[in-house]
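This report concerns only the one structure given below.
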Amino acid sequence: MEYSVKKGDFTQLGATKGKTWANFCIACRKETDCKVLLYKRSHINQLEEIAVPEEFSKGNLRSVRIDGLNLSEYDYNFQIDGTVIQDPYARRITGRETWADITRGLKDSACLRCRCEENSFSWRGDPEVEIPRKDMVLYKLHVRGFTKGLPEGTPDRGTFRGLIKKLSYLKSLGVTSIELMPVYEFEELVPLETGSSPESYTQWKSKRKKKTAKTKEKPRYKINYWGYGEGMYFAPKASYAAGDYPDIELKTCILQMHKKGMECILEMDFPDHISDSRILQILTYWVKEYHVDGFHLQGNRIPMQMLLEEFYLGRTKLLYRGFSDYMIPEEEKAYPRAFLDTDEFLYPTRKLASGINGNIWELADQMRKQNLKLGYINYIADNNGYTLADLFTYERKYNESNGENNMDGPAWSFNNNCGVEGESSSRNVRRIRSRRMKNAIAMLFLAQGVPMLMAGDEDCNTQRGNNNVYCQDNEIGWKDWRQSRAARDFQSFVKKMIAFRKNHVILRREQPMTFADSLSIGYPDLSYHEESAWISSQHYNRKSMGILYCGEYAQEEEDVYIGFNFSDFQKKLTLPKQREKRNWYLLMDTAAKYAFLPEAEELEEDGYTLEAQSVCIIIGK
């Protein structure tokens with residue numbers, strides 16, 4: 001290969017190319033030995049080493065332009081002081097096309113190579129999808145696990161293309177926003193240390209000549225199934241692609257989400273050493289190149305102030321556990337896009353749903369939680385913990401297969417097996433579990449914040465009691481698509497609950513409730529009731545309450561009264577007197593067989609008696 005080298009362009013990190021030239025720019029100190037390694041794609045073992053002299057430096061950057069090089073014929077890596085590394089700005093990593101390929105782990109580091117390719121993609125017809133905060137229904141999924149559990153032989157299982165085929169399913173549920181667990185290129189093979197478990201002890205065997213020989217121990221691996229940790233943040237995960245072009249497949253997937261009126265939110269995990277400027281570069285890249293609508297950020301030192309002030313990200317949603325409303329400018333009220341993502345909602349609701357030391361006032365505080373500038377993400381189950389179904393099926397965790405002696409995963413999750421550990425053939429046990437799951441879903445979708453479903457929770461998905469499936473790339477960690485009749489019935493309930501929320505703006509009103517009759521109509525926007533209307537006692541051990549949302553404060557005709565009874569006894573809640581000729585109508589009771597009534601039934605009395613551990617919805621109109 002004939003080429004010439006000269007000092008390159010420092011304005012763009014990574015590799016850029018023309019027809020007959022390529023420019024490489026990498027962060028490294030002037031004192032280091034730096035080389036570009038070129039691998040001829042048509043000759044696997046052909047390697048060209050190009051030294052980048054120290055005079056090709058500016059600050060802590062090194063850049064070289066190579067004329068006479070057609071980079072479309074080569075893959076590349078960098079070598080710094082003798083260590084081969086991949087370009088952290090590479091748009092494509094080759095060598096990981098097959099998921100968890102152990103033979104790859106036995107090779108040298110050069111089996112992973114960077115590729116500079118520019119595959120054309122048309123965003124023609126891509127609509128601007130900006131789901132208002134009050135309309136959001138969030139659904140979190142793992143791209144591989146979401147469709148890998150489909151029957152053997154199903155095309156494109158566990159890939160972006162497989163996800164595209166299920167977008168109509170998510171749309172039919174009522175989902176507006178899809179959160180993808182890490183889809184950037186990460187290493188899923190994690191080597192286990194020698195001696196980390198009894199199976200890894202050295203094996204000895206005798207031979208005919210009475211000599212002992214030590215067998216060569218093969219490397220052992222655990223799977224980083226979830227994908228958290230540092231990765232190649234500019235490259236989509238190659239093994240999540242059904243074909244040869246992961247970038248095209250992921251862009252197609254996002255485009256199809258948009259065409260169905262759904263937005264795409266990516267989960268990004270940044271260890272502490274990732275600089276603020278690089279985080280900003282990464283997020284800006286995904287918005288520009290992949291039209292991503294938001295990010296769920298993981299890490300201890302995310303520069304939220306910087307991200308909020310970046311003009312290019314001005315319409316991009318940001319979910320993070322470290323938000324405070326003082327960080328958010330007043331003008332953000334026009335389009336609230338900052339969301340606090342914590343487990344604040346999880347524990348109060350779990351305690352009541354499981355019958356373990358719950359307090360109805362904790363729930364009431366969570367139900368009305370709202371802020372003009374800052375949104376709240378509510379969930380009862382997440383990837384880190386039990387599934388919704390397992391919360392009411394297991395009282396202890398079953399994480400032995402994770403290889404950590406069952407010491408990993410949350411030790412206490414306010415879970416309750418309803419009298420039988422694990423799956424049960426008892427109709428009574430199954431009925432109790434179903435009701436508690438419906439209670440949990442009702443709390444989630446009747447609260448003011450943004451509800452989030454974990455994939456599979458809508459149809460009773462189980463992880464068999466494992467509450468930390470970070471390494472379970474198998475049926476335990478995959479969504480099970482084989483729906484039982486009970487699962488279909490529960491999914492129907494979830495759909496109706498989502499639809500009810502969408503049909504009643506008062507349940508998701510962005511203006512915080514004031515408890516005042518500011519419209520002078522005899523009702524405040526929000527009020528609490530118990531055995532007597534308009535009276536509620538703030539006792540610590542209260543387990544029942546009626547919460548009344550007055551629809552007129554959201555320009556709606558219907559009022560919504562939600563009855564909660566998490567005690568072990570029947571409880572009558574008194575309904576306030578309706579205005580003029582309006583009446584109260586029962587619409588849903590989780591104690592009923594199918595919960596939602598075919599048609600709302602008018603109530604003749606001034607109250608309604610709830611069964612133990614049940615939730616009801618009563619409409620005033």
Side-chain angles (χ1 to χ4, degrees), residues 92-105 139-173 175 178-190 221-228 231 235-257 259-260 262 264-267 290 383 387 389-390 401 453-464 466 469-484 487-488 491:
R92 171 79 183 271
I93 301 295
T94 65
R96 289 197 186 125
E97 289 77 9
T98 301
W99 171 267
D101 179 9
I102 294 180
T103 63
R104 166 170 57 81
Y139 189 97
K140 184 175 180 178
L141 62 87
H142 185 281
V143 168
R144 179 174 170 84
F146 186 61
T147 58
K148 192 64 177 174
L150 289 167
E152 289 282 349
T154 303
D156 306 323
R157 294 189 310 151
T159 67
F160 297 126
R161 198 180 293 169
L163 172 57
I164 292 172
K165 296 176 181 178
K166 288 297 181 181
L167 293 180
S168 295
Y169 164 79
L170 296 177
K171 184 69 176 180
S172 70
L173 280 179
V175 170
I178 301 174
E179 178 178 333
L180 305 182
M181 294 172 69
V183 294
Y184 49 82
E185 190 62 73
F186 60 86
E187 177 56 83
E188 68 271 16
L189 288 175
V190 181
Y221 297 90
K222 182 178 282 190
I223 300 298
N224 174 21
Y225 172 60
W226 285 344
Y228 294 122
K237 184 78 177 140
S239 60
Y240 285 178
D244 296 330
Y245 303 104
D247 56 334
I248 298 297
E249 283 192 34
L250 180 53
K251 288 176 180 178
T252 302
C253 185
I254 295 172
L255 177 60
Q256 292 305 313
M257 290 182 196
K259 287 186 175 181
K260 291 183 179 296
M262 297 186 289
C264 179
I265 295 173
L266 299 187
E267 196 166 15
Y290 286 83
N383 60 288
T387 68
D390 286 357
S401 59
L453 274 176
M454 189 63 205
D457 282 348
E458 75 277 10
D459 53 8
C460 309
N461 192 63
T462 178
Q463 291 171 178
R464 304 175 194 171
N466 189 318
V469 297
Y470 73 99
C471 60
Q472 296 297 332
D473 177 40
N474 49 49
E475 289 83 359
I476 294 175
W478 301 339
K479 182 188 181 314
D480 187 358
W481 291 90
R482 299 168 299 177
Q483 290 186 335
S484 64
R488 291 194 299 271
Q491 184 186 104

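Just so we're clear, the structure is a prediction, and the values are computed from it rather than from any experiment.
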Does the side chain of [Y] come within less than 4.5 Å of [X]'s, by heavy atoms?
X      : Y      : result
Val183 : Glu267 : no
Phe186 : Lys237 : yes
Met454 : Asp457 : yes
Arg92  : Asp247 : no
Phe160 : Thr252 : no
Asn383 : His142 : no
Leu141 : Glu179 : no
Met262 : Leu167 : yes

Distance, nearest 0.5 Å, that separates [atom1] of [X] from [atom2] of [Y]:
X      : Y      : atom1 : atom2 : answer
Leu170 : Met257 : CG    : CE    : 8.0 Å
Lys148 : Asn474 : NZ    : CG    : 11.5 Å
Trp481 : Thr154 : CH2   : OG1   : 11.0 Å

Those residues at least two apart in sequence (or on a different chain) that pass ring-ring contact (aromatic ring centres under 6.0 Å, His included) with Tyr245 are none

Pairing residues for [X] by the salt bridge (Lys or Arg N to Asp or Glu O under 4.0 Å) criterion, not counting sequence neighbours:
X      : answer
Arg157 : Glu152
Glu475 : none
Asp459 : Lys479

Using the side-chain hydrogen bond (donor to acceptor under 3.5 Å, both in side chains) criterion, which residues pair with [X]? Sequence neighbours excluded.
X      : value
Trp226 : none
Ser168 : Lys260
Lys222 : Tyr470
Gln463 : none

Nearest heavy-atom contact between Asn461 and Ala389 is O-CB, 3.6 Å

*Worked verdict on Ile178 versus Cys264 for side chain to side chain contact (heavy atoms under 4.5 Å, CB included)*: CA-CA 5 Å; Ile178 301 174; Cys264 179; 5.8 Å; no

Which residues satisfy the side-chain contact (heavy atoms from CB on, under 4.5 Å) test with [X], sequence neighbours excluded?
X      : result
Asp156 : Thr159, Arg161, Lys165, Ala242
Asp473 : Trp99, Arg144, Ile223, Tyr225, Trp478
Ser401 : Asn466, Gln472, Ile476
Ser484 : Ala486, Ala487

If we count only N and O atoms by modelled type, under 3.5 Å, do the side chains of [X] and [Y] hold a donor and an acceptor together?
X      : Y      : answer
Tyr240 : Glu185 : no
Glu188 : Tyr221 : no
Asp390 : Thr462 : yes

